[in-house]
Number of protein chains: 2
Amino acid sequence: MAKKRPTRATSHDVARLAGVSQAAVSRAFSAGSSISKDKRERVLKAAHELHYVPNKLASSLSTARSNMVAVIVGNLNNPFYSESLQAFVTGFQESGRQVLAFSVTDAADGDEVVQQAVYYPVDAIVVTAAPLSSKLLKISAGLGIPIVMFNRHLDSNRIAGVHCDNRGAGARIAEAMHSAGAERFLIVRGDPEGSTSRDRVEGFRTYLLARGVPPTGIEEIDGASSYGASRDSLRARFRAGDRPRPDAIYAVSDIMALGCLDALRTDLGLRVPGDVMLAGSDGIRQGRLSAYDLTTIRQPIEQMVATTLQMLESAEDLKNPDMIQVLELPGEFIPGSTVPRPPRDKP
Amino acid sequence: MAKKRPTRATSHDVARLAGVSQAAVSRAFSAGSSISKDKRERVLKAAHELHYVPNKLASSLSTARSNMVAVIVGNLNNPFYSESLQAFVTGFQESGRQVLAFSVTDAADGDEVVQQAVYYPVDAIVVTAAPLSSKLLKISAGLGIPIVMFNRHLDSNRIAGVHCDNRGAGARIAEAMHSAGAERFLIVRGDPEGSTSRDRVEGFRTYLLARGVPPTGIEEIDGASSYGASRDSLRARFRAGDRPRPDAIYAVSDIMALGCLDALRTDLGLRVPGDVMLAGSDGIRQGRLSAYDLTTIRQPIEQMVATTLQMLESAEDLKNPDMIQVLELPGEFIPGSTVPRPPRDKP
DNA sequence: TTGTACGCGTTATCAT
DNA sequence: ATGATAACGCGTACAA
């Protein structure tokens with residue numbers, strides 16, 4: 001009995017068995033290269049026998065294309081991120097590329113994670129989380145790895161990216177609440193470092209101030225971008241009797257809004273929107289479930305991912321400072337049942 | 001002005017700049033190799049200047065360890081999968097390994113996806129989805145890549161794996177419902193090819209039949225492992241007036257159970273558990289939200305992932321047929337409010 | 001079409 | 001401690 005060889009078969013092994021050159025094996029496996037039909041078949045047969053599959057890592061050494069893309073996401077327990085990752089994995093898989101997944105939970109270690117990613121000669125990096133401006137710039141310039149920011153952007157606009165009109169989203173929510181008669185507003189903010197939370201808060205505030213709402217009428221608490229933290233801190237805020245309660249709450253992301261909703265209804269026994277109105281932003285599936293039916297602004301994830309993929313197709317553009325584009329897509333207002341709707345027609 | 005070089009710096013470039021040999025550069029970057037302190041510093045300085053980082057792909061070519069692990073998940077829109085993936089990415093990241101993520105949505109293309117994964121010389125493959133028995137066996141044997149099945153198992157037990165006691169889970173749910181007085185049962189099944197759904201259904205049925213429930217008292221419909229499909233098909237079943245309605249529903253996974261819950265309460269206006277009782281399995285976060293409070297059996301994801309990681313540590317064992325272990329962990333009964341609870345004390 | 005020979009960027013072995 | 005030099009597995013010019 002032959003001893004089992006511990007290492008996998010190489011193209012040389014196949015070549016030897018098939019009685020051809022190693023180059024022939026390589027050709028047999030690359031579509032559209034000149035090789036006679038019967039020779040290819042002989043090679044494939046031998047390959048099958050040895051359980052041979054080409055080693056993509058080795059091939060990427062010579063071609064300088066790894067066909068791998070690093071995707072850096074935040075906490076996957078936030079459905080927005082897992083929905084995005086799903087879209088990316090599917091999308092890349094279709095174009096024959098693989099996703100090397102990285103998760104950054106603590107904002108702190110964001111840079112370190114990017115560092116890890118860069119050790120692999122990935123064809124591109126997609127960043128959907130982490131506040132890593134300076135480092136990113138250096139990498140993009142120094143290593144020559146194209147970077148696309150998804151749902152994030154830098155003020156400088158020096159890195160390509162796709163994101164939603166978050167200022168507009170905040171403003172639209174403010175409008176809905178204001179026109180529904182709200183007067184005392186509470187913002188539950190997410191990561192203050194992230195552009196997403198910042199922009200939404202800013203859009204919300206700006207709209208209200210322009211409508212004459214006094215600055216003291218807009219309060220702000222922290223929700224740490226999570227369901228649990230939001231639920232806890234909103235409950236605490238409402239139980240602290242020292243200040244008047246808000247009548248409208250804008251949680252900067254849906255997952256936080258759901259925490260707030262459960263705090264209001266379950267923990268505090270309030271009616272939404274009867275006692276308080278509430279809205280979020282993102283448009284995650286969970287918010288659409290009938291038990292919640294959250295009023296929100298939906299991010300067009302599919303379209304955003306598709307756009308990202310397109311940007312990466314023309315990767316050369318990403319290295320040319322003049323061709324860098326930062327795309328801002330509009331969000332879609334989803335009128336749920338947590339903010340009173342305006343009457344249909346004016347009589 | 002120097003022209004920007006398009007390719008990334010290599011150890012040779014650094015060596016040249018620092019005036020040392022290429023080997024010295026390699027040593028400077030590998031901890032614990034013999035190199036003088038000042039030489040290392042000189043190298044690191046030069047490396048920093050050139051934005052040099054070691055290319056892990058090239059290194060894995062010589063070390064035969066890629067430090068990459070393929071994780072094949074099902075649809076990430078099922079929270080159970082995204083929670084698992086989150087745990088894997090975090091866990092692997094901590095031990096310096098990277099996750100190459102693959103998603104298989106159609107059960108059909110499962111084998112093809114595995115094929116893709118194998119092109120990369122990953123150190124291991126974790127399969128959390130896909131019904132790919134024969135192919136997997138061949139790969140594990142032929143390529144010598146360790147495989148661990150997560151939340152899945154083959155009848156043959158010839159591939160290492162970790163999963164929950166799904167038969168026990170089904171039985172436990174059956175017990176809760178039966179002792180709460182249910183008489184007509186409905187099973188909403190998931191992927192009939194997957195061992196998970198199959199085992200849970202079997203455990204549920206077996207328990208009831210043993211308690212004298214007639215086979216005609218146990219109905220079965222398809223939920224396609226998704227929220228939407230379950231909601232739709234349960235609604236359809238209840239609106240078809242030709243058969244008596246069940247008084248207990250076991251949806252084989254939580255995400256499906258939530259679909260059923262919304263169908264019952266929102267679409268059909270029924271009370272749960274007043275009119276019908278309902279339970280799921282998995283223990284996803286979403287089910288714990290107060291708007292649902294689903295009765296379920298929780299899978300110990302963290303523990304399952306930790307065990308998987310441990311198995312991979314001793315990768316040699318996975319190649320030795322005698323050392324392959326298939327671990328079955330108990331699930332935890334979570335008494336929610338969708339199945340009536342038994343009275344606390346017997347008088 | 002086919003084979004030879006070299007390069008991709010690292011690690012590892014061997015002298016020194 | 002240090003520097004040549006040989007793998008690692010594959011693409012690909014080049015010559016035949």
Side-chain angles (χ1 to χ4, degrees), chain A residues 5-43 46-47 50-68 118-123 143-145, chain B residues 5-44 46-47 50-68 96 118-123 143-145:
Chain A
R5 53 195 333 290
T7 71
R8 58 198 274 172
T10 76
S11 57
H12 285 98
D13 299 330
V14 176
R16 205 173 306 126
L17 178 60
V20 299
S21 74
Q22 177 268 331
V25 177
S26 174
R27 292 190 182 108
F29 277 91
S30 33
S33 51
S34 44
I35 183 176
S36 72
K37 190 164 182 180
D38 58 331
K39 172 159 288 192
R40 159 171 274 143
E41 277 168 8
R42 226 174 48 235
V43 170
L50 296 176
H51 298 289
Y52 169 78
V53 290
N55 183 336
K56 287 229 178 192
L57 243 57
S59 95
S60 58
L61 241 199
S62 42
T63 60
R65 296 198 73 238
S66 66
N67 282 314
M68 298 193 305
V118 164
Y119 283 141
Y120 292 84
V122 289
D123 294 341
L143 280 298
I145 299 182
Chain B
R5 53 198 332 290
T7 71
R8 58 198 274 172
T10 75
S11 56
H12 285 98
D13 300 330
V14 176
R16 205 173 306 127
L17 178 62
V20 298
S21 74
Q22 178 272 332
V25 178
S26 174
R27 291 191 182 105
F29 277 91
S30 32
S33 52
S34 43
I35 182 175
S36 71
K37 189 164 183 181
D38 57 331
K39 172 160 288 193
R40 159 171 275 144
E41 277 168 9
R42 223 170 55 233
V43 169
L44 293 182
L50 296 176
H51 298 289
Y52 168 79
V53 289
N55 184 336
K56 286 229 180 194
L57 243 57
S59 99
S60 59
L61 197 53
S62 42
T63 59
R65 296 199 73 236
S66 65
N67 283 314
M68 298 194 304
V118 165
Y119 283 140
Y120 292 83
V122 289
D123 294 342
L143 279 298
I145 298 183

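In what follows, every chain begins at residue 1, and chains take the letters A, B, ... in the order their sequences are listed. Hydrogens, waters and symmetry mates are skipped; everything else that's a heavy atom, side chains included, is used. Since we're looking at a predicted model, the values are computed, not measured.
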B:Tyr120 and A:Asn67: side chain to side chain contact (heavy atoms under 4.5 Å, CB included), yes or no, with the steps? CA-CA 10 Å; B:Tyr120 292 83; A:Asn67 282 314; 3.5 Å; yes
Assess the residue pair B:Leu44 and B:Glu41 against the criterion (side chain to side chain contact (heavy atoms under 4.5 Å, CB included)); give the C-alpha distance rounded to whole Å, side-chain angles, the decisive distance to 0.1 Å, and a yes or no. CA-CA 5 Å; B:Leu44 293 182; B:Glu41 277 168 9; 5.6 Å; no
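Contact annotation: the side chain of A:Leu61 never approaches that of B:Leu57 to less than 4.5 Å [non-hydrogen atoms, C-beta and beyond]. Side-chain contact between B:Gln22 and B:Thr10 is absent, with no heavy-atom pair separated by less than 4.5 Å. Looking at A:Arg27 and A:Val43, their side chains never come closer than 4.5 Å, going by heavy atoms from C-beta outward.
Judged by distance alone, the side chain of B:Ser66 and the main-chain N or O of B:Pro121 form a donor-acceptor pair under 3.5 Å.
Contact record, B:Val25 with B:Ser11: CG2-O, 3.6 Å, taken as the closest heavy-atom pair. Scanning both residues, A:Leu143 and B:Val53, for their nearest heavy atoms gives CD1-CG2, 3.9 Å. The shortest heavy-atom contact between A:Arg42 and A:Val20 is NH2-CG1, 3.4 Å.
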Can you give one letter per nucleotide of nucleotides 3-16 of chain C, going 5' to 3': B for a protein heavy atom under 4.0 Å from the base, S for sugar-phosphate only, - for none? BBB-BBBBBBB---
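The end-to-end axis angle of the helix from C:dT1-D:dA16 to C:dT16-D:dA1, rounded to 10 degrees and based on five pairs per end, is 40°.
In this structure, CZ on A:Arg16 lies 12.5 Å from OG on A:Ser21, to the nearest 0.5 angstrom.
Protein chain A contacts DNA chain D over a range whose 5' and 3' limits, counting nucleotides with an atom under 4.0 angstrom from a non-hydrogen atom, are D:dG9 to D:dA13.
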